[in-house]
Amino acid sequence: MPDPTDQPPVLGSLTWEPAAARADLLGEAVAAALPALTGPAWVAPVDDDLADTAAFTEAYGVPLEASANCVVVATRRAGQTALAACVVLATTRADVNGLVRRHLGARKASFAPQDVAVAESGMAYGGITPVGLPPSWPVLVDAAVAAAGLVVVGSGTRGAKLALPGSVLAALPGAEVLEGLGVPVADQPRPAPAAPAERAPDDRDVGWGERPDDADPDRRYLEDRPPHWGSD
């Protein structure tokens with residue numbers, strides 16, 4: 001009897017192929033990580049301009065419930081900044097300021113700036129995926145993603161998508177499955193207007209992209225990004 005994992009999935013209007021046979025569609029780190037996966041992975045080419053989740057699901061008929069987003073989070077603790085990834089269904093948003101911050105023991109947590117996410121992951125923005133991330137990063141996977149029979153994520157590039165079982169994502173190096181990581185969009189309260197933040201005098205809580213007010217004579221700001229994961 002043929003192995004069912006040899007059969008391409010039927011998911012949207014895309015033509016799926018074994019990911020190992022199409023390294024040209026994958027980010028370099030993603031292709032290198034494939035042999036260590038605990039299950040099958042498939043890849044399909046997509047239009048670069050349709051890589052963002054909303055446009056992708058509409059154009060290719062892939063349900064939001066079968067798509068997952070991988071977001072890069074920057075955390076601050078004791079004056080140090082670290083990165084982590086959160087994988088949640090596209091119908092939800094990662095609870096960064098609540099569950100993620102508490103789970104990682106951080107004083108602050110926020111979405112990493114685009115240039116940082118790209119440089120430190122080695123992947124294209126809009127194509128960042130949990131497969132092939134730096135081994136030092138925690139990878140937080142929502143329980144709903146881990147339970148999914150098949151889920152679509154990025155491929156490391158904007159020109160393709162990966163499809164693989166949720167259990168494979170849950171078994172990635174550094175992965176932890178968290179219940180309630182993804183909060184349904186409709187359940188999220190409107191944020192209260194934020195009070196102007198006072199800058200810490202020693203810069204310990206100034207994150208990437210944050211600078212003192214123009215009137216502040218002290219123009220210092222942090223440049224303590226962790227070393228690029230792929231550098232010597």
Side-chain angles (χ1 to χ4, degrees), residues 26-30 32-33 48 51-56 67-90 92-142 145 151 153-158 161-162 169 172-178 180-183 185 188 191 194 197 199-200 203-212 220-231:
L26 308 175
E28 184 177 345
V30 178
D48 287 24
D52 295 332
T53 302
F56 163 74
S67 301
N69 292 326
C70 178
V71 296
V72 180
V73 173
T75 62
R76 297 284 296 170
R77 181 180 182 183
Q80 299 297 314
T81 303
L83 295 175
C86 298
V87 188
V88 298
L89 292 178
T92 68
R93 295 291 182 269
D95 185 10
V96 172
N97 288 317
L99 181 59
V100 173
R101 180 183 60 80
R102 293 192 301 271
H103 183 77
L104 297 177
R107 180 174 179 183
K108 291 186 177 181
S110 60
F111 296 107
Q114 177 176 327
D115 62 328
V116 173
V118 169
E120 304 302 330
S121 69
M123 302 178 191
Y125 195 76
I128 295 176
T129 183
V131 179
L133 288 175
S136 62
W137 290 21
V139 178
L140 308 182
V141 180
D142 185 66
V145 173
V151 66
V153 294
S155 67
T157 73
R158 288 185 63 86
K161 295 289 185 180
L162 283 177
L169 295 177
L172 289 172
E176 298 179 76
V177 177
L178 297 181
L181 175 62
V183 180
V185 176
Q188 296 186 80
R199 179 169 163 269
D203 277 350
R204 285 165 55 89
D205 293 318
V206 179
W208 295 329
E210 299 178 28
R211 297 185 181 225
R220 291 179 301 122
Y221 64 103
L222 289 185
E223 287 292 345
D224 64 344
R225 297 178 183 176
H228 191 284
W229 69 275
S231 61

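These figures come from a predicted structure and were not determined experimentally.
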Engineer: Any chance you could measure Leu178, atom CG, to His103, atom NE2, to the nearest 0.5 Å?
Structural biologist: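 It is 4.5 Å, given to the nearest 0.5 Å.
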
Engineer: Between Asp95 and Arg101 (salt bridge meaning N to carboxylate O under 4.0 Å), is one present in this structure?
Structural biologist: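 Result for this pair is no, no salt bridge flagged.
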
Engineer: What are the two closest non-hydrogen atoms of Ala29 and Gly132, and how far apart are they?
Structural biologist: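 So the minimum-distance heavy-atom pair works out to CB-O, 3.4 Å.
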
Engineer: As an exercise, state the distance from CE of Met123 to CD of Glu28, rounded to the nearest 0.5 Å.
Structural biologist: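 So the CE of Met123 and the CD of Glu28 are separated by 10.5 Å.
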
Engineer: Do Val153 and Cys70 come within less than 4.5 Å of each other through their side chains, counting heavy atoms only?
Structural biologist: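 Contact flag for Val153/Cys70 side chains = no.
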
Engineer: Rounded at 0.5 Å granularity, tell me how far CG in Leu99 sits from CG in Leu104.
Structural biologist: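 With rounding to 0.5 Å, CG (Leu99) is 8.5 Å from CG (Leu104).
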
Engineer: Might you point out which heavy atoms bring Asn69 and Thr53 nearest each other, and give the distance in Å?
Structural biologist: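 Minimum heavy-atom separation between Asn69 and Thr53: OD1-OG1, 2.6 Å.
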
Engineer: For Lys161 versus Gly126, what's the shortest heavy-atom pair and its separation?
Structural biologist: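 Minimum heavy-atom contact is NZ-O, 4.1 Å.
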
Engineer: Kindly indicate whether the side chain of Leu83, heavy atoms from C-beta on, has any atom under 4.5 Å from the side chain of Val72.
Structural biologist: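 Yes, close enough: below the 4.5 Å cut-off.
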
Engineer: How close do Leu133 and Ser121 get, heavy atom to heavy atom, and via which atoms?
Structural biologist: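 Smallest interatomic distance, heavy atoms only, reads CD2-CB, 4.0 Å.
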
Engineer: Do the non-hydrogen side-chain atoms of Glu176 and Leu140 ever get within less than 4.5 Å of each other?
Structural biologist: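 Yes - at least one pair of side-chain heavy atoms lies under 4.5 Å apart.
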
Engineer: Give, for atom CZ of Arg107 and atom OG1 of Thr75, the distance between the pair rounded to the nearest 0.5 Å.
Structural biologist: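 With rounding to 0.5 Å, CZ (Arg107) is 13.0 Å from OG1 (Thr75).
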
Engineer: Determine the sole option in Leu169, Val87, Val30 for which the side-chain contact (heavy atoms from CB on, under 4.5 Å) test with Thr129 is passed.
Structural biologist: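 So the option named by the test is Val30.
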
Engineer: What's the shortest heavy-atom distance between Val151 and Ala68, and which atoms?
Structural biologist: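 Heavy-atom minimum between the residues: CG2-CB, 3.5 Å.
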
Engineer: Could you pull out the closest heavy-atom pair between Phe56 and Ala51, with the gap in Å?
Structural biologist: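 Result for this residue pair: CB-O, 4.1 Å.
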
Engineer: When rounded to the nearest 0.5 angstrom, what is the spacing between OH in Tyr125 and CG in Asp52?
Structural biologist: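 Spacing of OH (Tyr125) from CG (Asp52) equals 8.0 Å.
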
Engineer: Quick one: does any side-chain atom of Arg158 pair with a main-chain N or O of Ala124 as donor and acceptor, under 3.5 Å?
Structural biologist: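 Checking the backbone N and O of Ala124 against the side chain of Arg158, no donor-acceptor pair under 3.5 Å is found.
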
Engineer: Is Val141 close to Leu181 at the side-chain level, that is, under 4.5 Å between some pair of heavy atoms?
Structural biologist: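 No. Closest side-chain heavy atoms not under 4.5 Å.
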
